Protein chains: 2
Amino acid sequence: MARPRKPLLSRDRIVEAASALVDAEGLDAVSTRRLAAELGVSGPSLYNHFRNKDEILDAVADAVSAQVDLSMFEESDPRDWPAALHDWAVSYRAALSAHPHIVPVLAQGPGRRPAGLRVADAVFGAMVRAGWPHAQATYIGALMRYFITGSALGSFARGFVDDETAYDPADYPHLGQAHLLADRRQQVDEGAFETGLRALLDGLALQYEQTVATGTASSGTAGVTVRHSPNRS
Amino acid sequence: MARPRKPLLSRDRIVEAASALVDAEGLDAVSTRRLAAELGVSGPSLYNHFRNKDEILDAVADAVSAQVDLSMFEESDPRDWPAALHDWAVSYRAALSAHPHIVPVLAQGPGRRPAGLRVADAVFGAMVRAGWPHAQATYIGALMRYFITGSALGSFARGFVDDETAYDPADYPHLGQAHLLADRRQQVDEGAFETGLRALLDGLALQYEQTVATGTASSGTAGVTVRHSPNRS
DNA sequence: ACCTGAACACCGTTCAAGT
DNA sequence: ACCTGAACACCGTTCAAGT
């Protein structure tokens with residue numbers, strides 16, 4: 001069985017199998033031999049479709065980026081940019097949370113990945129339409145990505161170990177044992193993400209008021225359009 | 001030379017050599033054999049001092065965390081918490097930027113790493129002293145870490161490739177070629193970090209006013225103590 | 001206690017050979 | 001064009017042996 005008349009592999013099939021493997025067993029479980037076996041071929045076959053293993057993992061990461069919803073940037077009023085950013089951030093985080101093991105790859109800059117670049121491009125375009133100067137629009141895309149990928153990667157939930165004896169209260173007087181319970185940790189992640197996202201958007205709205213809204217054709221000067229509730233408690 | 005009378009290795013010596021190797025050639029360059037060779041011993045010797053390779057990399061990451069300045073949380077007025085958070089964030093980012101290759105390890109939650117936990121503990125304690133409820137103080141420590149590690153990890157500067165043909169303007173209409181120049185990229189990282197940090201702190205100050213300052217013994221109700229300049233442009 | 005060499009079960013990648 | 005087995009130069013880790 002040297003060359004079959006119909007190709008056994010395709011880039012899509014490889015990415016699909018790699019994604020499943022990453023999700024099920026983590027990044028370390030992906031070896032070219034193991035992945036090939038999962039696809040019923042021998043190891044070197046993969047090199048007919050990808051230049052190397054890193055390119056496969058990049059494609060897996062990009063498939064996740066492709067699932068990020070970008071529709072809010074086209075559909076809504078450009079002046080609702082905080083609401084659009086909010087919804088986008090939530091969708092982005094949801095996509096990453098569904099595939100936590102690939103986040104380390106995805107977090108390392110957009111690189112050459114098309115879907116990652118498409119995301120960056122959409123945010124930038126929407127911020128420019130909202131009236132932000134080009135430089136600031138770029139910053140916003142970057143800083144939002146920092147926060148979102150950082151939260152998906154450095155989650156409290158994954159960071160701690162389920163061994164209570166590992167954290168001596170004498171060493172960390174403020175880190176109560178309560179933080180170390182598994183379900184409490186997930187609460188921390190949710191709360192920290194929501195709190196941080198709200199702060200980020202409120203802070204950006206403040207900068208918008210001070211630099212963009214004043215002196216442009218923008219309708220009202222006060223309150224901008226902070227759609228997301230500024231405080232929920 | 002089976003066992004020398006004076007040990008050839010120590011945890012510190014191993015961590016030092018591993019740090020140097022990571023900084024010079026990246027994470028992939030660190031193999032137990034290579035690291036051992038650098039130290040003048042054979043591969044398996046390392047296992048007398050660390051349980052496995054991951055523990056070595058954890059120790060390298062923790063050594064970076066240990067360089068983060070925490071003095072601002074003890075020295076300054078607790079009500080100056082935004083200024084303290086700001087200075088801490090800058091110091092944290094500087095420490096990570098000096099050792100970019102280990103950030104992926106460090107970003108994956110504080111885990112068992114003592115210095116990482118000490119950082120989390122210091123921030124939490126300072127926020128509680130500033131009057132934040134325990135839950136919010138935890139969130140602040142987590143969300144700041146998200147942003148800082150995210151910015152160190154997903155930097156624009158490292159994310160792009162120095163091959164102009166890789167980015168067809170037809171595919172990404174808003175991503176101007178100017179963004180793709182190496183020095184421009186570093187500007188983006190700096191600007192995005194500063195803009196994001198300012199937004200984060202402004203937004204948190206807003207939440208502080210609305211939830212903490214009102215109804216407590218806090219001195220003034222308006223303005224809190226936003227030391228960092230709210231706008232520099 | 002702390003180092004060694006040998007060994008085990010793996011890796012990523014290249015390449016000539018097959019159709 | 002697309003798959004194969006063989007081969008190369010590596011891995012992380014275990015373990016008996018040495019002092």
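All chains are named by letter (A, B, ...) in the order of the sequence lines, taking the proteins before the strands, and each is independently numbered beginning at 1. The model shown is predicted, which means the values in this text are computed figures rather than measured ones.
For B/Pro7, taking side-chain heavy atoms from C-beta onward, the closest of the listed nucleotides C/dC2, D/dC3, D/dT13 is C/dC2. Distance from the side chain of A/Lys53 is smallest to C/dG12 among D/dT14, C/dG12, C/dA7. The side chain of B/Pro44 sits closest to D/dT13 out of D/dT13, C/dC11, D/dC3. Ranking C/dC11, D/dC3, C/dC3 by closeness to the B/Leu8 side chain, first place goes to C/dC3. Closest to the side chain of B/Ser42, from the set D/dC2, C/dT4, C/dC11, is C/dT4.
The distance from atom CG of B/Leu46 to atom P of D/dC11 is 13 Å, rounded to the nearest whole Å. Counting to the nearest Å, the P atom of D/dT13 and the OH atom of B/Tyr47 are 3 Å from each other. Per the geometry, CG belonging to B/Leu9 stands 9 Å off C1' belonging to C/dC3, to the nearest Å. B/Ile14 places its CD1 atom 14 Å from the P atom of D/dG12, with the value rounded to the nearest Å. Rounded to an integer number of Å, the gap from B/His49 NE2 to C/dC2 P is 6 Å. Atom CZ in B/Arg34 sits roughly 15 Å away from atom C1' in D/dA9 (whole-Å rounding). Atom CG in A/Asn48 sits roughly 17 Å away from atom P in C/dA17 (whole-Å rounding). Distance, B/Asn52 CG to D/dC11 C1': 14 Å, rounded to whole Å.
Rounded to whole Å, the C1' atom of C/dC8 lies 15 Å from the corresponding atom of D/dC10.
Using a 4.0 Å cut-off between charged side-chain N and carboxylate O, A/Glu190 and A/Arg93 make a salt bridge. Of the charged side-chain nitrogens involved, none lies within less than 4.0 Å of a carboxylate oxygen, so that A/Arg33 and A/Glu38 do not count as a salt-bridged pair.
As judged by a 4.0 angstrom heavy-atom cut-off over every strand, B/Ser45 is placed among the base-contacting residues.
In the model, B/Asp189 has a side-chain atom that pairs as donor or acceptor with a side-chain atom of A/Tyr146 under 3.5 Å.
Ring pair A/Phe193/A/Phe147 is parallel by interplanar angle, where below 30° counts as parallel and above 60° as perpendicular.
Both A/Arg51 and A/Ala29 lie near DNA chain C, and the one whose nearest nucleotide falls closer to the 5' end is A/Ala29. In terms of position along DNA chain C, the nucleotide closest to B/Ser10 lies nearer the 5' end than the nucleotide closest to the other residue of the pair A/Ser31 and B/Ser10.
Rounding to the nearest 0.5 angstrom, the gap separating the CZ atom in B/Arg34 from the CD atom in B/Glu25 is 4.0 Å.
For C/dC8, the paired nucleotide is D/dG12, the pair qualifying as Watson-Crick or G-U wobble because both relevant distances are below 3.5 Å.
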